[in-house]
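See below for the structure under consideration.
Read the numbers this way: they start at 1 and go in the same order the structure lists the ligands and their atoms. Everything quoted here is computed from the prediction, not taken from an experiment. Count residues from 1 along the sequence.
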Amino acid sequence: MRMYDIIDKKKKGDALSDEEIEFFVKGFTSGDIPDYQASALMMAICLKGMNEAETTKLTMAMMESGDVMDLSSIEGLKLDKHSTGGIGDKTTLVIEPIMAALGGKVAKMSGRGLGATGGTIDKLDSIPGFSSELSEERFIEQVKEIGMVDAAQTKNLVPADKKLYQLRDVTATVDNISLIASSIMSKKLASGADVILLDVKCGSGAFMQDYESAVKLAETMIKIGNNCGRRTAALITDMDQPLGHAVGNSLEVLEAVEVLKGHGEERLTEICKELSAYLYVMSDLSDEKDESKRWEEAYRVIDEVISSGKALLKFREFVKAQGGDDSFVDDPTVLKQALYKKDIISDRDGYLSYCDATKVGLVSCMLGAGRVTKEDSIDSSAGIIINKKLGDHVESGEILATLYTDKQDVLEKAEEDFLSAYRISDNKVEKRPVIIKRI
Ligand code: URA
């Protein structure tokens with residue numbers, strides 16, 4: 001088999017065989033196939049597409065390129081949830097303890113943030129003492145002991161994707177649904193869970209900015225998951241503005257705790273409960289056979305574990321199990337505090353009518369909360385607290401948001417960029433629902 005022929009075949013629009021896909025993934029991972037041939041194939045795929053069978057095979061070949069977690073020693077169905085990434089998305093920190101408090105087994109590996117998009121591991125790492133680097137044995141033990149774990153992806157998880165993503169990033173071949181879906185799902189499958197819930201974000205702060213692409217990506221990932229024997233579902237959710245009030249690592253952890261305490265921001269709370277309800281209904285936690293009753297039961301038990309404090313207790317247990325100091329739950333000043341803060345004041349009356357959420361994420365990055373390159377270090381206390389949501393009325397002189405940073409010299413530019421990310425208009429605009437579609 002020759003890589004040249006595989007590229008040529010895809011260039012002509014023909015479907016690749018299982019053997020050809022496997023040959024490419026193995027050869028590229030081992031270094032036998034050079035970057036220039038892999039780039040040519042990626043471009044041919046972008047231009048000619050891949051069918052469902054090819055996309056599933058590519059995903060499986062990538063999954064098999066490195067370590068595959070064996071979670072079979074943990075009793076019951078193992079649950080995982082994935083967000084395609086957004087601004088202020090701290091839902092994982094809420095959903096995991098809710099599900100574990102309900103008896104679920106949450107085995108999750110998370111990523112770090114890059115650019116405007118935050119990552120769960122950076123958020124957790126803002127907790128003093130917290131360790132996100134766990135051995136496979138410890139990862140499994142912790143799920144057995146307390147029902148949940150969240151750790152950084154192991155170094156050898158889907159090495160094919162690490163190499164391929166770097167190449168796609170610099171060859172304008174990221175934005176193909178089959179390539180995105182296989183990249184995401186290969187990591188989910190290798191992480192070993194039986195139930196995979198996908199939160200596909202859609203809007204100005206999301207990878208998929210338009211609705212049609214978000215639905216297409218969700219449907220493709222569901223097919224891959226189901227073809228590989230995993231229970232997979234997806235929600236399309238709004239990312240036309242940051243989720244909740246907080247953007248930035250420790251600020252987001254504190255906001256997640258507010259939801260677990262039962263007084264979180266409305267839209268954030270709604271999405272956390274909906275994602276949890278999905279996991280509950282998809283899992284083996286209920287004996288109820290009637291599906292509509294199972295949904296009713298899900299919402300009821302989720303409310304119960306929040307109002308009784310059981311979900312918050314589980315969160316504290318999780319923080320301590322991974323070496324963290326949970327005292328910040330009672331006293332937020334235990335967390336590192338930013339040296340400077342600045343209120344952003346509205347200079348006019350009106351309604352918030354538009355938000356460029358990616359721009360807000362980049363402001364947070366500029367304040368120190370994110371990385372521009374993978375090697376950058378981040379400031380756990382930097383970020384933004386946003387007081388207003390789209391559709392809200394704003395008065396001149398009101399505080400729209402507060403910036404937090406250790407870098408005094410970026411405050412002026414950050415304020416200017418933040419203000420330019422929002423539009424205030426005279427007419428009231430309809431609020432877009434946070435849950436856009438259930439798939
Ligand atoms: N996220 C991923 O993990 N892979 C992609 O290709 C795009 C987004």
Note: [X]-[Y] ion pair, threshold 4.0 Å (strictly below):
{"X": "Asp161", "Y": "Lys187", "value": "yes"}
{"X": "Asp32", "Y": "Lys26", "value": "no"}
{"X": "Arg112", "Y": "Glu133", "value": "yes"}

Geometric class of the Phe28/Phe24 ring pair [parallel <30°, tilted 30-60°, perpendicular >60°]: parallel
Protein contact of atom 1 (N) of ligand 1 - nearest heavy atom, named by residue and atom, plus distance: Ile184 CG1, 3.9 Å
Min N/O separation Lys187 to ligand 1 under 3.5 Å: yes
Short N or O distance, Ser183 and ligand 1, threshold 3.5 Å exclusive: yes
Atoms in ligand 1 flagged as close to Arg168, the criterion being non-hydrogen separation under 4.0 Å: 6 (O)
Atoms of ligand 1, numbered as shown, that sit under 4.0 Å from any heavy atom of Tyr165: 4 (N), 5 (C), 6 (O), 7 (C)
Test item, Ile180 contacting ligand 1 (heavy atom, 4.0 angstrom): yes
Residue list, side chain to side chain donor-acceptor pair (under 3.5 Å) with Asp284, at least two apart or on another chain: none
